[in-house]
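Because the structure is a prediction, the values reported are computed rather than measured.
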Amino acid sequence: MAESVHKELVAPSDTRHLVRIREIVRDVASHCLETSCVNRVILAVDEAVANVMEHAYEEEPEPGDIRIALMADDNRFEIVITDTGREFNPQTIEVPDMAEHVKQGRRNGLGLFLMRQIMDEVSYTFVQGLRNELRMVKYARKPIEGGQ
Amino acid sequence: MPELNIQTKPLRDDAYLFTLEGFLDAHTFEQLDETIQSIFEKNVFNIVADMTGVEYISSAGAGVFIGSLSVAQEGGGNIVLVNPTENVREVFDLLGLSQIFMIEPDIDAALAKF
């Protein structure tokens with residue numbers, strides 16, 4: 001049976017916690033992914049969490065928490081990010097035309113673009129009145145041991 | 001230790017050097033944004049950003065350069081990035097920004113672009 005690593009944390013919706021979250025992602029993702037891939041996955045998660053911190057609770061008097069569940073086994077790294085803020089469906093965000101973005105000085109939509117580029121699976125669930133749930137998966141592609 | 005350290009100094013009458021160290025993310029990007037705006041307010045639109053000490057950049061950090069580039073160019077200047085680490089370079093590659101921004105190995109090479 002494959003060994004797996006699980007970690008779960010609850011962070012306040014405040015960008016000052018991003019550094020610590022990136023460290024935790026590195027710790028778990030390193031279980032199955034190579035260093036260069038771990039760095040990209042950290043970026044994808046950072047983008048997702050920062051999106052929640054900046055937008056999910058912006059219409060509420062008190063920011064809520066973000067729940068982050070991480071898992072890695074020999075084959076994949078998986079993260080589920082849950083918040084109780086307003087609905088945000090990443091499927092509605094278009095892929096940016098970067099030349100046009102720069103021309104107009106626009107900055108939005110880049111995080112989601114990176115998440116889709118880096119992760120193998122990005123899926124979103126919204127449960128009305130309860131939560132947003134973003135799930136992302138990155139599969140390990142390690143060389144087969146003993147292979148040529 | 002601050003998460004982002006920014007030092008600025010004039011290189012010429014029309015150009016400023018930004019030396020950046022640390023993390024350029026959703027928590028720190030406004031610090032850089034405000035510093036760049038303060039240079040634009042001096043009517044200086046050529047910026048050399050020494051990225052040697054930037055350990056991490058997210059889209060929020062890259063977004064500051066995206067948002068500032070058109071302002072710099074409208075003012076007759078430009079933004080040149082110097083010596084980004086492999087991690088930072090990869091983010092620019094992923095975003096397709098490596099073809100849009102000038103990236104140079106050192107400050108002299110960057111200054112020669114203005």
Side-chain angles (χ1 to χ4, degrees), chain A residues 11-23 25-26 34-58 63 66 81 90 93 95-119, chain B residues 1-5 21-34 36-37 40 45 54-75 77-81 84-103:
Chain A
S13 181
D14 185 326
T15 54
R16 78 181 65 183
H17 297 283
L18 286 172
V19 173
R20 182 171 68 95
I21 292 168
R22 290 198 294 265
E23 285 169 4
V25 173
R26 179 179 300 283
E34 292 170 3
T35 305
S36 59
C37 189
V38 169
N39 288 335
R40 287 192 294 272
V41 164
I42 288 170
L43 176 64
V45 173
D46 188 58
E47 297 291 347
V49 175
N51 259 344
V52 174
M53 289 175 168
E54 289 175 335
H55 303 299
Y57 298 107
E58 64 187 353
I66 301 171
I81 301 164
I93 306 292
V95 175
D97 174 337
M98 203 50 65
E100 198 58 30
H101 245 65
V102 173
K103 198 171 157 189
Q104 296 177 4
R106 288 175 56 204
R107 305 168 185 207
N108 56 328
L110 303 177
L112 186 63
F113 174 68
L114 286 171
M115 286 153 54
R116 286 176 177 156
Q117 266 197 308
I118 293 166
M119 302 304 284
Chain B
M1 192 184 90
E3 289 168 4
L4 177 66
N5 186 29
E21 288 177 347
F23 306 123
L24 191 40
D25 63 7
H27 185 56
T28 60
F29 76 99
E30 284 176 342
Q31 218 180 308
L32 177 61
D33 206 16
E34 287 165 10
I36 291 179
Q37 295 313 313
F40 288 161
F45 295 99
V54 178
E55 296 172 47
Y56 176 82
I57 190 169
S58 68
S59 72
V64 175
F65 293 112
I66 292 171
S68 303
L69 184 63
S70 56
V71 179
Q73 290 174 339
E74 280 163 21
N78 215 327
I79 296 175
V80 184
L81 309 178
T85 58
E86 199 177 319
N87 278 349
V88 170
R89 181 67 191 246
E90 185 175 24
V91 177
F92 272 75
D93 287 345
L94 284 166
L95 286 169
L97 295 173
S98 301
Q99 289 79 42
I100 293 171
F101 282 87
M102 288 189 282
I103 300 175

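Contact annotation: the side chain of A:Val102 approaches that of B:Leu97 to within less than 4.5 Å [non-hydrogen atoms, C-beta and beyond]. By the 4.5 Å heavy-atom criterion applied to side chains, A:Arg22 and B:Asp25 are counted as neighbours. Taking 4.5 Å as the limit, some side-chain heavy atom of B:Tyr56 sits within range of a side-chain heavy atom of A:Ile42.
Between the NE2 atom in B:His27 and the CG atom in A:Asp14 there is a gap of 7.0 Å [rounded to 0.5 Å]. The CD atom of A:Gln104 lies 12.0 Å from the CD1 atom of B:Ile66; values are rounded to the nearest 0.5 Å.
Of all the listed residues (A:Arg16, A:Lys103, A:His17, A:His101), the one sharing the greatest number of non-hydrogen pairs under 4.5 Å with chain B is A:Arg16.
For the salt bridge (Lys or Arg N to Asp or Glu O under 4.0 Å) test, residues two or more places apart in sequence or in another chain that qualify with A:Glu58 are A:Arg86. Judged as a side-chain contact (heavy atoms from CB on, under 4.5 Å), and not counting sequence neighbours, the contacts of B:Glu30 are B:Glu34.
Using a 4.5 Å cut-off between heavy atoms, A:Leu43 contacts chain B through both its backbone and its side chain. When heavy atoms are compared at a cutoff of 4.5 Å, B:Leu95 approaches chain A by way of both its backbone and its side chain. Heavy atoms of B:Val71 lying under 4.5 Å from chain A are absent altogether. Within the 4.5 angstrom heavy-atom criterion, only side-chain atoms of B:Glu90, from C-beta onward, approach chain A. Only the side chain of A:Arg40 comes within less than 4.5 Å of a heavy atom in chain B; its backbone stays farther off. The contact between B:Leu69 and chain A is made entirely by side chain atoms (from C-beta outward), counting heavy-atom distances below 4.5 Å.
Residue pairs meeting the side-chain hydrogen bond (donor to acceptor under 3.5 Å, both in side chains) criterion with at least one partner in residues 57-71 of chain B, sequence neighbours excluded, are A:Glu47-B:Ser59.
For a heavy-atom cut-off of 4.5 Å, chain B lies close to A:Leu110, A:Gly111, A:Phe113, A:Leu114, A:Gln117 in residues 110-117 of chain A.
No more than 12 heavy atoms of other residues, nucleotides or ligands lie within 6.0 Å of CD in B:Glu86, so this atom counts as exposed by the packing criterion.
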